[in-house]
Chemist: 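Quick one: the structure is below, questions incoming.
Residues: numbered from 1 along the sequence shown. Just follow the structure's listing: the first ligand is 1, and inside any ligand the first atom is 1.
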Amino acid sequence: MDLSTIIFGILALAFVGLIVQAIRQMATPIEMDDEDGESALEQARDEVPEHDEEDEAREPEEEQEPEEEQEPEEQEPDEEPEKEQEPPAKREKKPADRKEEAARLRKGLAKTRGGFIARLGSLFKGKREIDAELLDQVEEVLFTADIGVRTSQELIDGLRKELDKKKLGNPAAIWDTIRGHSAEMLSQPGYGALKIPKGVKPFVVLVIGVNGTGKTTTIGKLAARLKDEGHSVLLAAADTFRAAAVEQLAIWAERAGVEIVKPAKEGADPSSVIVDALKRANASGVDVVLADTAGRLHTKANLMEELQKVRRSISKWVEGAPHETLLVLDATMGQNAIAQATMFKEAMDINGLILTKLDGTAKGGVVLGICNELKIPVRFIGIGEKAEDLREFAPEAFIQALYESADA
Ligand code: GDP
Ligand code: MG
């Protein structure tokens with residue numbers, strides 16, 4: 001080995017070290033999931049479930065006449081004895097916990113990382129200079145990524161602007177620019193955890209979204225989280241169209257050790273179930289009511305009308321409620337999720353988004369498109385089916401977990 005080879009080796013190592021250092025503020029071990037990611041991309045392309053009006057696969061529906069808006073008295077809420085509550089344990093997070101959480105997030109996002117991020121990353125491998133070919137390739141990857149045309153265009157425009165200002169000297173700077181713009185898009189005001197203000201009681205959260213996106217599961221996870229934070233929680237099983245949906249929520253309620261109000265019969269008026277829950281919450285001083293809803297009716301218009309009616313009933317019973325209307329979107333839907341969000345936003349005031357199933361898709365980049373187009377903050381993401389798989393959304397940590405293995 002001659003001297004120049006050694007010097008070149010040292011310089012190369014130092015260069016790589018500097019880039020990695022700058023990009024990873026909180027250094028944590030990296031797991032490479034290339035294999036996983038690649039296959040996930042293929043898989044996700046092959047088997048994207050469709051969630052549209054025509055899709056009847058998930059739940060056949062019976063003809064049902066929507067009942068009149070009413071203020072019911074007749075329903076007997078489930079009398080579940082107040083369970084022995086563990087002391088409200090607000091866990092202080094230790095650095096080790098945080099490290100583990102970061103590692104779990106990275107793992108949960110492995111498939112998404114295998115999508116356009118990996119493709120972008122591979123473009124930069126071994127590149128020392130920015131040339132027209134590299135830019136064309138970046139553009140191609142972004143436009144074929146599941147982030148929506150508008151968002152891809154904005155990222156590329158941003159890149160070209162920086163290049164025109166001669167700000168970008170090397171491929172690593174391009175990478176940084178894309179990351180920076182992505183972080184800006186994700187940082188919609190109000191992102192992150194649900195904040196339950198003192199003095200607002202009950203705090204009412206209405207959860208909406210198309211069937212199968214993960215509403216019921218997310219409510220279960222959220223109930224466990226809020227209970228863990230020391231709040232008393234009551235669930236309203238207002239997806240009254242299927243007994244199975246009510247049972248599913250009841251299982252989560254039991255798991256989380258929280259109470260639930262169920263409809264008296266299948267097909268009962270959803271608003272009446274929620275009103276029952278609100279009355280019960282008022283009577284027993286419950287902190288938070290989480291209301292589940294149906295995700296499909298005969299038509300889109302029916303669904304939106306029903307949700308608006310539910311909303312009106314809630315506001316009639318609790319002033320200023322619902323305090324949060326959260327839209328649940330399934331990341332495996334890719335750009336369909338953007339279309340769904342647009343549709344719901346037209347009918348309802350949405351405060352926050354929950355993006356589920358990021359663990360199961362290479363299309364998680366869609367969150368960029370959703371935030372950027374709808375300007376609604378993401379509150380939580382789902383990276384698995386267990387209670388602990390609901391994560392507070394933090395743009396920086398998300399970006400870091402997304403881009404990390406591609407950086408390395
Ligand atoms: P709903 O119809 O909107 O209430 O959807 P469900 O809560 O019933 O969820 C539909 C399916 O998605 C269930 O099998 C859930 O376990 C699953 N699911 C929900 N969230 C996640 C997630 O974050 N990751 C994974 N892998 N599966 C999820
Ligand atoms: Mg459900």
Side-chain angles (χ1 to χ4, degrees), residues 36 40 43-44 47-52 55-61 104-112 114 205-225 235-253 255-256 260-263 266-267 270 273-274 290-297 303 306-307 310 325-334 336-337 340-341 343-344 350 353-364 366-367 370 378-393 398 401:
D36 210 350
Q43 229 175 306
E47 33 180 80
V48 191
E50 290 291 335
H51 274 250
D52 53 27
D55 175 16
E56 295 294 332
R58 272 177 204 260
E59 35 238 315
E61 270 171 2
R104 276 190 60 87
L105 180 64
R106 268 201 312 282
K107 205 161 171 226
L109 294 178
K111 290 192 177 176
T112 282
V205 182
L206 180 63
V207 179
I208 61 175
V210 166
N211 263 352
T213 50
K215 291 180 296 300
T216 306
T217 308
T218 299
I219 290 176
K221 293 171 176 176
L222 205 49
R225 165 183 283 264
L235 307 185
D239 180 356
T240 59
F241 293 89
R242 298 169 305 144
V246 174
E247 277 322 299
Q248 188 192 355
L249 193 67
I251 292 169
W252 274 105
R255 241 185 247 162
I260 180 171
V261 172
K262 298 183 197 172
E266 200 171 323
V273 179
I274 296 184
L290 303 176
D292 198 6
T293 57
R296 84 176 290 124
L297 291 178
L303 174 60
E306 186 65 58
L307 291 174
V310 161
T325 300
L326 299 178
L327 174 65
V328 178
L329 296 169
D330 174 348
T332 65
M333 300 283 105
N336 266 353
Q340 275 175 24
M343 172 182 100
F344 277 93
I350 299 165
L353 303 173
I354 296 175
L355 199 69
T356 61
K357 308 189 199 177
L358 276 166
D359 54 310
T361 179
K363 301 185 170 202
V366 71
V367 64
I370 295 170
V378 178
R379 292 237 176 279
F380 295 98
I381 54 173
I383 53 168
E385 293 182 274
K386 300 208 191 80
E388 65 269 26
D389 295 328
L390 185 73
R391 297 309 182 84
E392 243 169 63
F393 183 70
F398 185 83

Chemist: Indicate yes or no for a side-chain donor-acceptor contact from Thr112 to the backbone of Asp359 under 3.5 Å, with no hydrogens or angles considered.
Modeler: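 Between the backbone of Asp359 and the side chain of Thr112 there is no qualifying donor-acceptor contact (under 3.5 Å).
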Chemist: Can you find an N/O atom of Arg242 closer than 3.5 Å to an N/O atom of ligand 1?
Modeler: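 The answer is no, given that Arg242 and ligand 1 share no N or O pair closer than 3.5 Å.
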Chemist: Taking all non-hydrogen atoms of both residues into account, name the closest pair between Arg296 and Asn211 and its distance.
Modeler: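 That would be CG-ND2, 3.5 Å.
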Chemist: Using a 4.0 Å cutoff against the non-hydrogen atoms of Gly384, which atoms of ligand 1 qualify?
Modeler: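 Selected atoms, number and element: 21 (C), 22 (C), 23 (O), 24 (N), 25 (C).
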Chemist: Taking the side chain as C-beta and beyond, is there a heavy-atom pair between Leu105 and Ile381 under 4.5 Å?
Modeler: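 SC-SC contact between Leu105 and Ile381 confirmed.
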Chemist: For ligand 1, which atoms sit closer than 4.0 Å to a heavy atom of Gln248?
Modeler: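 It comes down to these atoms of ligand 1: 6 (P), 7 (O), 8 (O).
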Chemist: Looking at Glu247 and Lys262, is there a salt bridge between them, counting it only when a charged N and a carboxylate O are closer than 4.0 Å?
Modeler: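 Yes.
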Chemist: Please report the shortest heavy-atom distance between Val366 and Gly334, naming the atom on each side.
Modeler: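 Closest approach of Val366 to Gly334: CG2-O, 3.1 Å.
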Chemist: Purely on distance, is any nitrogen or oxygen of Glu385 under 3.5 Å from one on ligand 1?
Modeler: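 Yes, there is a polar N/O contact under 3.5 Å.
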Chemist: Run the numbers for me: atoms of ligand 1, each under 4.0 Å from some heavy atom of Thr213, listed by number.
Modeler: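 Going through ligand 1 atom by atom, the ones under 4.0 Å from Thr213 are 3 (O), 5 (O).
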Chemist: Suppose I only count heavy atoms of Ile383 and a 4.0 Å limit; which atoms of ligand 1 are within that range?
Modeler: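 The atoms of ligand 1 under 4.0 Å from a heavy atom of Ile383 are 23 (O).
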Chemist: Show me which atoms of ligand 1 lie under 4.0 Å from any heavy atom of Gly382.
Modeler: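 Atoms satisfying the 4.0 Å criterion: 23 (O).
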Chemist: Which heavy atom of Thr213 sits nearest to which heavy atom of Gln340, and what is that distance?
Modeler: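 What the structure gives for the nearest pair is CG2-OE1, 4.0 Å.
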Chemist: What I want to know is whether Lys215 and ligand 1 share at least one N or O pair that is separated by under 3.5 angstrom.
Modeler: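 Looking only at distances, the answer is yes, because the N/O contact criterion of under 3.5 Å is met.
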Chemist: Any N/O/S of Asn211 under 2.8 Å from the Mg ion (ligand 2)?
Modeler: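 No, since none of the N, O or S atoms of Asn211 sits under 2.8 Å from the Mg ion (ligand 2).
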Chemist: If I apply the N/O under 3.5 Å rule, does Leu358 come out as touching ligand 1?
Modeler: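 Looking only at distances, the answer is no, because the N/O contact criterion of under 3.5 Å is not met.
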Chemist: Over all heavy atoms of both residues, which pair between Ala237 and Val273 is shortest? Give the atoms and the distance, please.
Modeler: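 Closest approach of Ala237 to Val273: O-CG1, 3.7 Å.
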Chemist: Counting only heavy atoms closer than 4.0 Å, does ligand 1 sit against the backbone of Arg391, its side chain, both, or neither?
Modeler: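 No part of Arg391 is near ligand 1 at this cut-off.
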Chemist: Is there any N or O on Thr218 that sits under 3.5 Å from an N or O of ligand 1?
Modeler: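 No, Thr218 has no N/O under 3.5 Å of an N/O on ligand 1.
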Chemist: Would you check if the side chain of Arg391 reaches a backbone N or O of Ile383 as a donor-acceptor pair within less than 3.5 Å?
Modeler: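 Answer holds: no.
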Chemist: How far does CE of Met343 sit from CG of Leu327, to the nearest 0.5 angstrom?
Modeler: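 One gets 8.5 Å once the value is rounded to the nearest 0.5 Å.
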Chemist: Ignoring hydrogens and angles, tell me if any N or O in the side chain of Lys215 forms a donor-acceptor pair with the backbone of Val210 under 3.5 Å.
Modeler: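 Such a contact is found between Lys215 side chain and Val210 backbone.
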Chemist: Heavy-atom contacts with Thr217 under 4.0 Å: which atoms of ligand 1 show up? List them by number with element.
Modeler: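 Per the distance check, 6 (P), 7 (O), 9 (O), 15 (C), 16 (O), 19 (C).
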Chemist: Which ligand 1 atoms does Asn211 reach within 4.0 Å, using its non-hydrogen atoms?
Modeler: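 With Asn211 as reference, the close atoms of ligand 1 come out as 2 (O).
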Chemist: Does Gly295 come within less than 4.0 Å of ligand 1, judged by its heavy atoms?
Modeler: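 Not so, Gly295 does not reach ligand 1.
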Chemist: Under a 4.0 angstrom heavy-atom cut-off, which atoms of ligand 1 come close to Val210?
Modeler: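 With Val210 as reference, the close atoms of ligand 1 come out as 3 (O).
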